[in-house]
Each structure stands twice: as C-alpha cells, then as structure tokens.
Amino acid sequence: MNKIPPLDLGQQYKLIAQEVSLAVGKVLASGYYIGGTEVEQFEQQFGKYIGVSECIGCNSGTDALFLALRALDIGPGDEVIVPVFTFIATAEVVSAVGATPVFVDIEANTFNLDVNQVETAITSQTKAIIPVHLFGQSVNMTRLMAIARTHHLAVIEDCAQATGATWDGQKVGYIGDIGCFSFFPTKNLGACGDGGAVTTNDQAIAAKIRIIKDHGQSSKYNSAVVGINSRLDALQAAILNVKLRYLDQWNAQRDRIARRYHQLLGVVPGLILPQELPDGQSVWNQYTVRVMPRSSENGSSWIFDRNVVRAQLQEQGISTMIYYPVPLHLQPLYQNLDDQPGQFPVAEQLCQEVLSLPIFPELTTVQQDCVIYAIKDCLSQ
Ligand SMILES: Cc1ncc(COP(=O)(O)O)c(C=O)c1O
C-alpha cells in the first residue's frame with residue numbers, strides 16, 4: 001500500500017486532463033511533431049515568465065547545462081565551480097565537455113553552495129560557477145554575482161528544481177548569464193516526458209545555443225561546429241503550455257504546505273527544518289528536513305535516526321525520499337579527483353541526515369497531518 005506518495009502526478013493530470021487532451025490532440029492532428037507553433041509559443045511564454053529576451057527549448061535539464069557550457073566555449077583545461085551536494089547532472093556536464101568540476105561545500109541551513117567558500121576555489125583556470133537552486137530555494141545571488149563579476153567568471157544557474165523561485169524579486173534563470181531548466185515530470189513545471197530550456201538575455205549566447213542544439217548547423221545542412229540533437233518536442237511543448245498557466249498557483253499551494261510543515265514540525269526534538277533566506281522565495285520542489293543523529297548509549301558510535309524515521313513512515317504507507325545519499329566527490333565517477341572523504345564535512349554529514357517529505361500541490365491537509373503525526377510519534381519515542 002502506498003497511502004501517501006512523494007508526489008502524485010496522476011492527481012495533477014485529473015485537474016487539467018481536458019486541456020491537455022485538447023492541446024495534445026491538436027498537435028497530433030496537425031501532423032507536425034518536431035518544432036512548430038507549440039514550441040515557439042512555449043519558448044516565448046516561458047522566456048516572458050522568467051523575464052528574459054531569449055529562451056531555447058531543449059531535450060532536458062542536463063542538455064540545457066551542457067549547451068550553456070558549450071556556448072561559453074568551456075572545455076579541456078577549464079575549471080567550473082559546482083556545489084558538492086546536488087544531482088549528478090550538474091557536475092557530469094562539466095566532465096562531458098572535458099572541463100573539471102571543482103567542488104564547494106554547502107551551507108547546512110539552506111543546502112545550497114556556501115558562497116563564502118567560492119572565492120577560495122577560484123584558480124586561474126576557473127571559467128564559470130554553476131549555482132544550484134536546490135530543492136526550490138535560490139542561492140544568495142547578490143553575493144554570488146558580485147564574486148563572479150570581480151573574477152570575470154560566467155554564472156550558469158542550475159534552475160532545474162526552482163522554476164518560479166525568486167531572489168530579490170527576480171526570477172532565477174534571469175539573474176546569472178544563463179539559466180538552465182528541467183521539465184522532468186517531478187519538477188515544479190513538469191512535462192509528460194523529458195524537456196528542458198535555456199534562458200538568457202545575451203543574444204550571442206542564444207544564437208550559439210540554437211546552433212549547437214541543432215547538429216551545429218548554422219543553416220540547413222551546413223554544420224560548422226560539433227553539435228547535438230536536443231529538441232523540446234511539440235507534444236511536450238503543448239503540455240507545458242497548458243501547465244505553465246497553473247505554475248504560480250501550484251507553487252503557491254506548495255508554499256502553503258511548506259508553511260504548515262514549518263508551523264507544525266517546528267518544535268519536534270531532533271528535527272531541523274529547512275531555513276529560508278529573507279531575500280528569496282522558494283518554490284519548494286522538495287521539503288527537506290534533517291533528522292539529527294544521536295550518540296549510542298556508550299557514546300562509541302552515532303545512530304542515524306533518519307533511516308529509522310524513514311522506515312517507520314514507510315510502514316505506515318508514507319513515502320519519503322533521500323536527496324542525496326552520496327556527495328559528488330565520493331561518487332565513483334570522481335575518484336580520479338584529489339578530493340578525499342572528510343573534505344566537504346557539511347555535505348557529508350547532511351547526506352546522512354536529509355529526508356524529503358511529501359510535498360506536491362495536491363497533497364491534502366489530511367495527508368499532511370498523517371505525515372506530521374507519524375514524524376512526531378517516531379521522534380518522541
Ligand atoms: C539540480 C538538477 N540539475 C540538473 C538536472 C537534470 O535535469 P534532467 O533530468 O531534465 O536532465 C536535475 C534533474 O533531476 C536536477 O535536479
């Protein structure tokens with residue numbers, strides 16, 4: 001039995017089924033499945049939503065990051081600063097273009113990269129920084145942009161988990177040089193398959209991305225650079241056009257759920273709730289708490305209650321997720337780098353403590369109460 005899932009896309013579909021069917025039917029009847037008006041409309045509408053002049057649809061958030069790095073001519077010999085606690089895609093794309101990811105530890109209260117540590121990671125080879133707005137909350141972009149400008153570094157925002165989030169009144173994806181979005185189904189704006197977008201106010205960068213994402217062709221059958229095939233397809237664009245109209249409403253519902261968790265879990269012993277920065281508005285792609293470890297009775301080891309809480313919730317049909325169990329420097333992929341266990345203590349500790357609770361717009365108060373009671377029950381034992 002799965003009483004409370006981590007998210008419920010079937011419920012969301014029920015609310016918009018008619019509109020989605022109409023939009024999909026229109027594309028199918030048109031006979032044009034690649035490119036076309038739905039893709040153009042989405043690029044225009046999404047660019048407007050973020051506040052940028054240029055928006056390019058592509059196949060995924062991973063491709064969006066890859067295209068951004070390629071457009072900035074980042075490659076072998078270059079270094080790119082990334083947080084050590086994120087989904088693998090953020091660093092993987094740096095490796096995929098032949099550059100080296102340089103990891104930076106995170107802040108324990110926001111889970112985002114520790115901007116204070118960025119400057120010490122900069123070398124003469126550093127070309128860019130990729131701040132990740134993890135779990136829906138913006139990085140402190142005022143400070144990060146100041147550091148980047150001082151050192152003449154490009155900023156590629158990884159907005160995969162933060163569509164609609166703001167920093168100082170601006171949408172993420174507008175603030176850096178390039179914004180990269182994922183429309184993977186679990187994201188705040190999710191397609192019914194893969195999808196992504198790149199946003200920028202720089203026309204030259206946008207022009208380069210349009211060429212690279214289309215086999216390096218500057219005109220039909222005329223390729224000057226190595227490109228890839230990365231398309232947001234027409235069916236996904238049609239669905240995203242419908243869903244974009246609901247995004248603010250869904251984000252507001254997520255916010256209400258997050259406030260309720262704050263309010264009702266605030267005084268549970270052993271539990272640390274996510275902290276928001278005053279200048280940002282999170283869109284709560286995840287509501288991630290920390291379950292603090294306890295020392296064993298004889299004090300010789302630590303007991304990680306997170307796994308106990310998770311198992312007990314699962315027994316009651318409540319699904320939770322662990323984002324992320326392993327920091328990037330300890331991934332087998334990055335064993336060739338010099339980073340050692342213990343080098344990023346905050347991320348390493350949080351990997352043992354984090355637990356993402358169910359949060360999605362359709363989560364009912366009754367369901368949320370079940371989660372809250374179950375956690376309280378578990379931690380007060
Ligand atoms: C922080 C982050 N960056 C990048 C990606 C990659 O997006 P996609 O799955 O659309 O390739 C994800 C997706 O989970 C993500 O969470």
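Just so we're clear, the structure is a prediction, and the values are computed from it rather than from any experiment. Start at 1 and go down the list; that is how both ligands and their atoms are numbered.
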Tell me which pairs pass salt bridge (Lys or Arg N to Asp or Glu O under 4.0 Å) where either residue lies in residues 151-170, with sequence neighbours left out.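 Sorted pair list comes back empty.
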
Polar side chain donor-acceptor pair, D255 to W284, under 3.5 angstrom: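 W284 and D255 do have a side-chain donor-acceptor pair below 3.5 Å.
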
Show me a pair-per-line table, with atom names and distances to 0.1 Å, of protein N or O atoms that are under 3.5 Å from an N or O of ligand 1.
from, atom 1, to, atom 2, distance (Å)
ligand 1, 3 (N), D158, OD1, 3.2
ligand 1, 3 (N), D158, OD2, 2.7
ligand 1, 7 (O), S182, OG, 3.4
ligand 1, 10 (O), G61, N, 2.8
ligand 1, 10 (O), S182, OG, 2.7
ligand 1, 11 (O), G61, N, 3.4
ligand 1, 11 (O), T62, N, 2.9
ligand 1, 11 (O), T62, OG1, 2.4
ligand 1, 14 (O), K187, NZ, 2.7
ligand 1, 16 (O), Q161, NE2, 2.9
ligand 1, 16 (O), K187, NZ, 3.2

Hits for side-chain contact (heavy atoms from CB on, under 4.5 Å) against Q217, two or more places apart or cross-chain, chain-then-number order -> D214, H215, Y221, S223

I want to check a possible cation-pi pair here: K187 against F181, using under 6.0 Å from ring centre and within 45° of the ring axis as the test. no

Provide the closest heavy-atom pair for P358 versus T320 in the form atom of the first, atom of the second, distance. CD-CG2, 4.4 Å

Contact list for residues 116-143, test ring pair (Phe, Tyr, Trp, His ring centres under 6.0 Å), sequence neighbours left out: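 Of all non-adjacent pairs touching residues 116-143, those that pass ring pair (Phe, Tyr, Trp, His ring centres under 6.0 Å) are F111-F135.
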
